[in-house]
There are 2 protein chains.
Amino acid sequence: MALDEIDKKILRLLQENAHYTLKDIANKINLSLTPVHDRVKRLEKEGVIEKYVSILNKKKLGNNLTVYCQVTLTKQTYDTSEGFNQSILNMPEVVECNYVSGNFDYMLKIIIPDMESYHHFHQKKLSVLPEVSLINTVFVISEVKSTTVLPI
Amino acid sequence: MALDEIDKKILRLLQENAHYTLKDIANKINLSLTPVHDRVKRLEKEGVIEKYVSILNKKKLGNNLTVYCQVTLTKQTYDTSEGFNQSILNMPEVVECNYVSGNFDYMLKIIIPDMESYHHFHQKKLSVLPEVSLINTVFVISEVKSTTVLPI
DNA sequence: ATCCAAAAAGAATAATTTTCTGTAAAAATA
DNA sequence: TATTTTTACAGAAAATTATTCTTTTTGGAT
């Protein structure tokens with residue numbers, strides 16, 4: 001469970017590029033294949049490495065608009081929250097959803113083709129949820145940073 | 001440049017799991033290795049597939065706190081923005097930074113071990129930036145959804 | 001019907017992952 | 001202190017996967 005320096009080096013490399021081969025990693029950290037292999041498998045089994053994914057280019061897929069939605073629910077009860085959560089999980093344009101502190105209840109991040117799609121999403125999918133009382137939209141004008149790399 | 005249905009099927013699979021083999025993909029979409037291989041390479045070259053990364057478990061790395069920072073700059077000039085952007089790019093705990101519309105200028109997402117680390121980050125790293133005028137913190141109480149999968 | 005180009009299949013080769021065997025150092029036990 | 005056990009690592013063989021090359025098929029255009 002405890003991660004030593006070698007584990008951390010492996011994780012740093014794999015966070016950058018999941019397609020580094022065991023040999024690549026072994027070379028970079030001056031070890032043979034075996035310990036690298038064993039450690040990666042251990043990190044996967046322990047759940048430190050959750051999954052390997054491909055990062056696609058939003059714009060090349062036609063998703064040119066990113067927005068944050070600050071959502072307030074009608075009631076702050078468990079059932080209301082749960083109902084809302086379930087609906088969100090089925091919306092592919094919602095890539096992040098967090099229950100938060102402050103003047104509203106949820107912070108959502110939406111990735112969507114354009115303003116027209118957002119209008120449709122807002123009016124026909126989000127605001128129609130029975131649990132939703134208020135939506136405040138924050139438009140992303142320009143993306144400065146977006147990374148899956150966690151500090152280790 | 002245009003993506004056909006086969007490309008989209010491949011992309012959907014690779015978004016889920018970057019470790020699917022060509023054979024896995026070929027089986028799932030009823031094709032031989034060659035076209036799958038060629039299409040993946042083409043999608044990489046065109047930049048539709050940006051990269052392959054490993055997703056690590058925040059908590060197992062000791063990062064138990066996520067917060068959104070809503071930052072207002074002292075001035076809304078290009079130089080002020082650029083200075084701020086550059087500082088942010090060098091902060092590993094900032095995993096997202098977007099220039100946004102509304103009552104503040106930037107929306108940041110911070111992933112950090114605990115409240116004490118956040119206090120330190122806030123006081124010693126963020127609020128000390130010469131471009132920063134105001135910071136409003138929104139704490140994540142519970143994560144409902146977080147995905148790298150884009151709708152295709 | 002014929003030609004052409006693009007897409008796909010199949011086979012051979014190269015690279016990578018996985019498994020197995022062995023060794024040395026460190027930790028635990030007698 | 002000696003002995004056993006465990007852990008981490010190295011090297012090699014086997015299995016799997018990716019890559020490259022050649023051939024075949026398919027769908028338009030003439």
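What you see below is based on every heavy atom in this structure, not just the backbone, and it leaves out hydrogens, waters and symmetry mates. Residue numbering restarts at 1 for every chain, and letters A, B, ... go by the order of the sequence lines.
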Taking only side-chain N and O atoms of [X], does any of them lie within less than 4.0 angstrom of OP1 or OP2 on [N]?
| X | N | result |
| --- | --- | --- |
| R39(B) | dA7(C) | no |
| K23(B) | dT16(D) | no |
| H37(A) | dT17(C) | no |

Pair Y68(A) and F139(A), ring centroids less than 6.0 Å apart: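 No, too far apart.
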Between [atom2] of [N] and [atom1] of [X], the distance in whole Å:
| X | N | atom1 | atom2 | answer |
| --- | --- | --- | --- | --- |
| Y20(A) | dA18(D) | OH | C1' | 19 Å |
| I6(B) | dT26(D) | CD1 | P | 14 Å |
| L33(A) | dT18(C) | CG | P | 11 Å |
| I25(A) | dT16(C) | CD1 | P | 12 Å |
| K41(A) | dT17(C) | NZ | P | 9 Å |
| N30(A) | dA8(D) | CG | P | 19 Å |
| D7(B) | dA8(C) | CG | C1' | 14 Å |
| D4(A) | dA8(D) | CG | P | 8 Å |

E16(A) bridged to R12(A) by N-O distance under 4.0 Å: no
Ion pair E50(A)/K60(B), N-O distance below 4.0 Å: no
Sugar-phosphate only, base, or nothing, as touched by L31(B) at under 4.0 Å among non-hydrogen atoms: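 Sugar-phosphate: the residue L31(B), judged by heavy atoms under 4.0 Å, touches backbone atoms but no base.
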Criterion ring pair (Phe, Tyr, Trp, His ring centres under 6.0 Å) on Y106(A) and F84(A), from CA distance to verdict: CA-CA 10 Å; Y106(A) 284 87; F84(A) 178 73; 4.5 Å; yes
No-H, no-angle donor-acceptor pair, S32(B) side chain to dA8(C) base, under 3.5 Å: no
Candidate pair M115(B) and H119(B), rule side-chain contact (heavy atoms from CB on, under 4.5 Å), full reasoning: CA-CA 6 Å; M115(B) 193 59 87; H119(B) 189 202; 5.7 Å; no
Candidate nucleotides dA10(D), dT18(C), dT16(C), ranked by approach to the side chain of T34(A) - the nearest: dA10(D)
